[in-house]
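First comes the structure, then the notes that go with it.
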Amino acid sequence: MAAALAVPQELPSAPHRLGRSVNKAMVSVAPLRWAATRLGRLVVDAPQGSRVRRMLGPLHARVGAETTAAELLLIVDTIRSAGVETWLAGGWGVDALVGRQTRRHADVDLVVDDFERSAPLAAAALASLGFETVLRYRAEALMPDCWQMRDRSLRSVGFTSLDWPRLCAALDRDGPALGGRGDPSAPQHVLAEGLVAGRPVPCLSAKVQVLLHSDFELTGDQRQDLARLRSLVGNGG
């Protein structure tokens, strides 16, 4: 599933260059491929915010499986074809708002509407692409429910719910009062449209993603994502 990706405008950092070199080496060195797979399994099986994610997540992001723009669009289309409304979040969600790919992405984070009904439908849809559910958990967070799926290449897709009352209460502090998911004005503050490989994709707004980034300890890539989001918010995005 190859795709022509937008060329990042920022020069890659030394860790990025090192990660690319290590990733190329793993293609031809079986023991390193085995180590990368083991590392990937540890990371994708760990809950968000866990110690394993904090310690090993950045390395996995450099040398683990990559989800390309073409693969992301196929995932989104497959889920939406099952009648599930979904919005991009996480690293790809940030790049969608920016309008270009700024870094390599190891996984995909998707918010699904009506989680209790939609998560099983989304999981069944992705099973046709070779993904299987490996983890389910709930946490006290703005995105409380999460299902993690992965394929044989250890590409990871996470479905999360959105705590609309809690989110709207957080947005109320800096903006108009929102009554929750049923408030007609809520979507324009919570939802947005981004671009992936030049194609429009539904995603969470920059302001909401800033709030979501306050719900867990950030890695280096996520701190850069947060800086991009704050720039968008400052420019009215």
Between the CG atom in Leu226 and the CD atom in Gln209, the distance rounded to the nearest 0.5 Å is 10.5 Å
Next on the checklist: Between Val190 and Leu167, is there a side-chain heavy-atom distance shorter than 4.5 Å?
Outcome noted: yes
Correct closest heavy-atom pair for Leu97 and Ser205 would be CD1-C, 3.9 Å
The reported gap from CG in Leu72 to CG in Leu88 (rounded to nearest 0.5 angstrom) is 5.0 Å
Heavy atoms, side chains only, cut-off 4.5 Å: are Val157 and Phe131 in contact?
-> yes
Determine whether more than 12 heavy atoms belonging to other residues, nucleotides or ligands lie under 6.0 Å from atom CD of Glu132. no
Looking only at heavy atoms, the pair that brings Asp113 and Trp164 closest together is OD1-NE1, 4.5 Å
Are the side chain of Thr160 and the backbone of Asp145 linked by a donor-acceptor contact shorter than 3.5 Å? no
Under a 4.0 Å threshold between the charged nitrogen and the carboxylate oxygen, would Arg228 count as salt-bridged to Asp225?
yes
dist Asp95:CG -> Thr102:OG1 (nearest 0.5 Å) comes out at 3.5 Å
Rounded to the nearest 0.5 Å, the CG atom of Leu135 sits from the SG atom of Cys146 at a distance of 7.0 Å
Exercise for the section: Answer yes or no: is there an ion pair linking Glu71 with Arg155, defined by an N-O contact shorter than 4.0 Å? Expected result: yes
Lys/Arg-Asp/Glu bridge criterion (N-O < 4.0 Å) met for Asp221, Arg104: no
